[in-house]
Amino acid sequence: MSSPVPEVTSSALSRRGLLRGATALAALGATGAPYLTRGARAAGGTQEILSACHWGVFRARVQDGRAVGIRPWEEDPWPSAQLRGVLDSIYSPSRIKYPMVRRAWLEKGPGADPAGRGTDDFVRVSWDQAIDLVAKELVRVRETHGPSAIFGGSYGWKSPGKLHNCQTLLRRMLKLNGGFTNAAGDYSTGAAQVILPYVTGSIEVYEQCTTWPNVVENTELMVFWGANPMNCSQIGWHIGDHGAFVGVQKLREKGTKVICIDPVRTETCEFLGGEWLAPRPQTDVALMLGIAHTLQAEKLHDQAFLDKYTTGFAPFLAYLTGASDGVPKTAEWASAICDIPAATIRDLARRFASHRTMLALGYSTQRQHHGEQAPWMLVTLAAMLGQIGLPGGGYGLSYHYASGGAPMHTSPNVAAVTDEIGGGTQGGADWLGTGGEAVIPVSRLVETLLNPGKVMDFNGAKIKLPLIKLAYWAGGNPFSHQQDRNEMVRAWQKLDTFIVHDVQWTASARHADIVLPATTSYERNDIEQLGDYALSHIVPMKQVVAPVFEARNDYDIFAAIAERWGKGRLFTQGRTEMEWIRYFYEGAKIESRAKGMEMPIFDVFWSNNQALAFPLSEEQRDFVRHAAFRADPLLNALGTASGKIEIYSKNIEKMGYDDCPPHPTWMEPVERLGGPTTKYPLAIAANHPILRLHSQLCGTVLRKSYEVAGREPCWMHPRDATERGLADGDVVRVFNDRGQILAGVKITEVMRPGVIRISEGGWYDPVDARTPGSLCSYGDVNNLTTGIATSRLSQGNCGQTAMAEVEKYTGPLPRVTVFQAPAAG
Ligand SMILES: Nc1nc2c(c(=O)[nH]1)N[C@H]1C(S)=C(S)[C@@H](COP(=O)(O)OP(=O)(O)OC[C@H]3O[C@@H](n4cnc5c(=O)[nH]c(N)nc54)[C@H](O)[C@@H]3O)O[C@H]1N2
Ligand SMILES: Nc1nc2c(c(=O)[nH]1)N[C@H]1C(S)=C(S)[C@@H](COP(=O)(O)OP(=O)(O)OC[C@H]3O[C@@H](n4cnc5c(=O)[nH]c(N)nc54)[C@H](O)[C@@H]3O)O[C@H]1N2
Ligand SMILES: [Mo]
């Protein structure tokens, strides 16, 4: 039978409706779609290969087996300036070339001289010896201490691709050895993803928002609340599609009124000419309460919405008015905490209520002590405004991240490799994966190493922290992402063995006992979907160059380890790289046919050197979050206990946590700007970096365009600089009781006075690795952040909780050594 099946086209035709962004162009330093060249320009005999990465789809130019240029895909609406670093990362001097073992570990065995980690004393070994050491050590630890003594949580931003997912592959291998301790949650939204299911029945943070076209059409007041899409949407967990930039650009063309609530006048605020309000960091809950109080006092809240769609407003109201605790949360009360004038707070309430208002919240406000409260209070505020489920109104928690709000296309799921032994594929999210012998909240490994056997609260359960003797990382950089570096360095000494696969000599690799060189995704073949939300194309992630030096695919490394145990075939299922890719594609082709679309046969797809495009329906273009719930709250009840939005949660009440009460509550964080017991004067905005993905690409040419005096920049307001006698370009010591780093001063009016911005992801470079507390010469901000958890509910990280002092550094300047490989490497 032959019903007319529309052919899915290889996207030769440009769908691009807007001009490539001016800022991206400026950053690329050229017009059109330039090649970002490295070394000599190509003459004849060059090849152009389509591939992709977190930063987008690109075409790489290869000459004599070497990548010499990279240009963004012609259909990318807003290429990321970070692409330039991608090319450089293949050949950068910080590339790991050979398998390496720490000398003390090699000579004296597991656990030898743990304080010597990070001192760069490595010995090069053969691949055969390296695989042997790893395979035997995994068996030794399992036999001596049980499988839960092996930590395989291995959190991090790896590379995209349905096959070469090194974290899934690690766990697949570890299962063949009898199991491991896994990690739950992530560093991005540790608090929000645990609290919000109690509030709206979904994690919200990785759910589709009301789409950008709908917002552009209907929103009258757009509020970016600690949300910076112009920076954060450069990347995708899959492949960055940059659809948020299209949305922001259209919002600018429309002239929609924008308010940005942020200690930094962000790139988004500047681009949109937004009104900038800069509360003290970590006081947003107080600000929201002040707005809520005004709404209620002036009868601007939507009681009908609250009655029909929410539960628990009454006990919250008693708190808001002070009936329950004697403290009315007035605009004046809020102003004293957040430092926004009371008149402005009242005005915000009136403007929110009198316009179609979209509250776009980023993640920073929940990456703080008591971080559960901000997203809960934001939803409560949106409920009081009564616009949830209306076009252009309500709230969205992903407008800044991976182009949430970019309309979703009608495309099939492309399956991925799983960590199920014997299993081949899995769809859906892979960041909440569990399935080990034991599971600990992802940010609690340091606490676990220091307190084995301790019982920890977590989301209503009690967890007994396991004894961990071996940690295995592939695709993450814990010596970048974990808070309180010096506490971590001490905790790491409890380990017998730390194994790391990476492409770069990161601080984690430098602190490992066994270091294995992995290929970048540009040295292997894979397949992936474009956009975390858009899902607009299936992209062949083609190999650009042969593996450099002795780098091997994580897949082949794990297969070789499994083979030492006689389980190689269980790991590979007898499939080669291209057989897996073909298998994933063919599953998608079948699903696609069921949706009435015909995909080309695999060989045509692969040889086309094009991304395969899927259609967009009008319905998906105009998606409104929670519209179905609003239309029929019984039929489309939320996944909460009551089926409604819970402003008061009986489930949380039952847990009885004093640091997470049953309704949104203002609680003082351990330290904050203007806090009652705070010791240091400056709040650190440890934000996501503009020209890196966390620590990725810090070791590339991109660093030259932002480093100050060879260090990570420290942005500060002229007032704070003057008070300390500092000038642009000075090297400063930034310090508190937890640690100290060097940084380079950049004086700028975009900072709120009292707040400095030092992005996360600067490479940790201790002057004396043997001594915890040593000065970091490049500027890893996590020397200064607190390692405490958000609360007993979610045990999330507090990467945005840090107070510090800054002083001019007058001592002899230590060299930055972290961007060169260790001597033997
Ligand atoms: N203070 C503070 N701290 C933070 C944050 C903050 O805002 N403030 N943000 C937090 C957040 S949200 C996150 S997500 C984390 C990010 O923390 P991470 O995800 O750990 O950071 P990345 O630098 O992306 O580390 C990924 C590593 O994987 C490596 N890699 C890439 N591809 C491959 C591969 O194919 N194979 C192997 N073996 N390795 C590969 C890269 O080279 C890199 O070293 O940081 C967290 N830490
Ligand atoms: N370029 C780039 N993009 C990225 C990443 C990257 O490393 N680089 N990482 C990706 C990942 S894994 C994630 S999880 C997301 C992270 O997304 P977010 O966590 O939302 O990003 P941040 O930059 O940490 O914070 C966003 C904004 O919040 C502001 N802010 C900080 N503290 C406060 C506060 O107390 N109150 C208010 N109102 N605002 C505050 C910051 O100044 C910043 O402008 O970004 C993703 N996108
Ligand atoms: Mo993240």
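Counting starts at 1 for both ligands and their atoms, following the listed order. Computed over heavy atoms, backbone and side chain alike; hydrogens, waters and symmetry mates excluded. In this text the structure is predicted, and so the values were computed from the model without any measurement.
- Between W492 and F498, the two ring planes are perpendicular [angle over 60°; tilted spans 30° to 60°].
- Listed by atom number, the atoms of ligand 1 under 4.0 Å from R524 heavy atoms are 35 (O).
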Does ligand 2 have any N/O atom under 3.5 Å from a protein N/O, and what are those pairs and their distances?
| unit_1 | atom_1 | unit_2 | atom_2 | d |
| --- | --- | --- | --- | --- |
| ligand 2 | 1 (N) | Q82 | NE2 | 3.3 |
| ligand 2 | 1 (N) | N231 | O | 3.3 |
| ligand 2 | 1 (N) | N231 | OD1 | 3.0 |
| ligand 2 | 1 (N) | Q234 | NE2 | 3.3 |
| ligand 2 | 1 (N) | P689 | O | 2.8 |
| ligand 2 | 7 (O) | H694 | N | 2.9 |
| ligand 2 | 8 (N) | P689 | O | 3.0 |
| ligand 2 | 8 (N) | R692 | O | 2.8 |
| ligand 2 | 9 (N) | H688 | ND1 | 2.9 |
| ligand 2 | 19 (O) | S364 | N | 3.4 |
| ligand 2 | 19 (O) | R367 | NH1 | 3.0 |
| ligand 2 | 19 (O) | R367 | NH2 | 2.9 |
| ligand 2 | 20 (O) | Y363 | N | 2.9 |
| ligand 2 | 20 (O) | H400 | NE2 | 3.4 |
| ligand 2 | 23 (O) | H688 | N | 3.0 |
| ligand 2 | 24 (O) | R367 | NH1 | 3.4 |
| ligand 2 | 24 (O) | Q800 | NE2 | 3.4 |
| ligand 2 | 28 (O) | G226 | O | 3.4 |
| ligand 2 | 28 (O) | S364 | OG | 2.8 |
| ligand 2 | 30 (N) | S364 | OG | 3.2 |
| ligand 2 | 35 (O) | Q282 | N | 2.8 |
| ligand 2 | 35 (O) | D284 | OD2 | 3.4 |
| ligand 2 | 35 (O) | Q368 | NE2 | 2.7 |
| ligand 2 | 36 (N) | D284 | OD1 | 3.4 |
| ligand 2 | 36 (N) | D284 | OD2 | 2.7 |
| ligand 2 | 38 (N) | I261 | O | 3.1 |
| ligand 2 | 38 (N) | D284 | OD1 | 2.8 |
| ligand 2 | 42 (O) | D262 | OD1 | 2.6 |
| ligand 2 | 42 (O) | N687 | ND2 | 2.9 |
| ligand 2 | 44 (O) | D262 | OD1 | 3.2 |
| ligand 2 | 44 (O) | D262 | OD2 | 2.7 |
| ligand 2 | 47 (N) | C232 | O | 2.8 |

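- Side-chain contact check for I557 versus W127: some heavy-atom pair is nearer than 4.5 Å.
- Which parts of ligand 1 touch C166 is read off a 4.0 Å heavy-atom cut-off, strictly below it: atoms 34 (C), 36 (N), 37 (C).
- Under the 6.0 Å cut-off for aromatic ring centres, Y764 and H511 qualify, their centroids lying closer than that.
- Ring planes of Y555 and H164: perpendicular class, angle over 60° (limits at 30 and 60°).
- Side chain to side chain, S89 and Q504 fail the donor-acceptor criterion of an N or O pair below 3.5 Å.
- Close approach to H501 involves these atoms of ligand 1, each under 4.0 Å from a residue heavy atom: 37 (C), 38 (N), 39 (N).
- A ring-centre distance under 6.0 Å is not found for Y533 and Y206.
- Here the options are T785, D780, T786, the test is side-chain hydrogen bond (donor to acceptor under 3.5 Å, both in side chains), and the partner is N782; only T785 passes.
- At least one N or O atom of D502, backbone or side chain, sits closer than 3.5 Å to an N or O atom of ligand 1.
- Side-chain N/O atoms of N477 and S508 include a donor and acceptor closer than 3.5 Å.
- Q167 and S154 share no side-chain donor-acceptor pair at under 3.5 Å.
- Ligand 1 has at least one atom lying under 4.0 Å from a heavy atom of Y155.
- Residue contact check: T785 has heavy atoms under 4.0 Å from atoms 1 (N) of ligand 1.
- Here is the list of ligand 1 atoms found below 4.0 Å of a heavy atom in T506: 44 (O).
- Taking the six-membered ring for Trp and the full ring otherwise, H400 and F224 have centroids separated by 6.0 Å or more.
- Within ligand 1, counting atoms from 1 as listed, the ones closer than 4.0 Å to a heavy atom of Q483 are 1 (N), 2 (C), 3 (N), 4 (C), 47 (N).
- Distances below 4.0 Å separate heavy atoms of V503 from the following atoms of ligand 1: 42 (O).
- Residues Y155 and W473 place their aromatic rings such that the two centres sit no closer than 6.0 Å.
- Residue D554 approaches ligand 1 through these ligand atoms, each under 4.0 Å from one of its heavy atoms: 34 (C), 35 (O), 36 (N), 37 (C), 38 (N).
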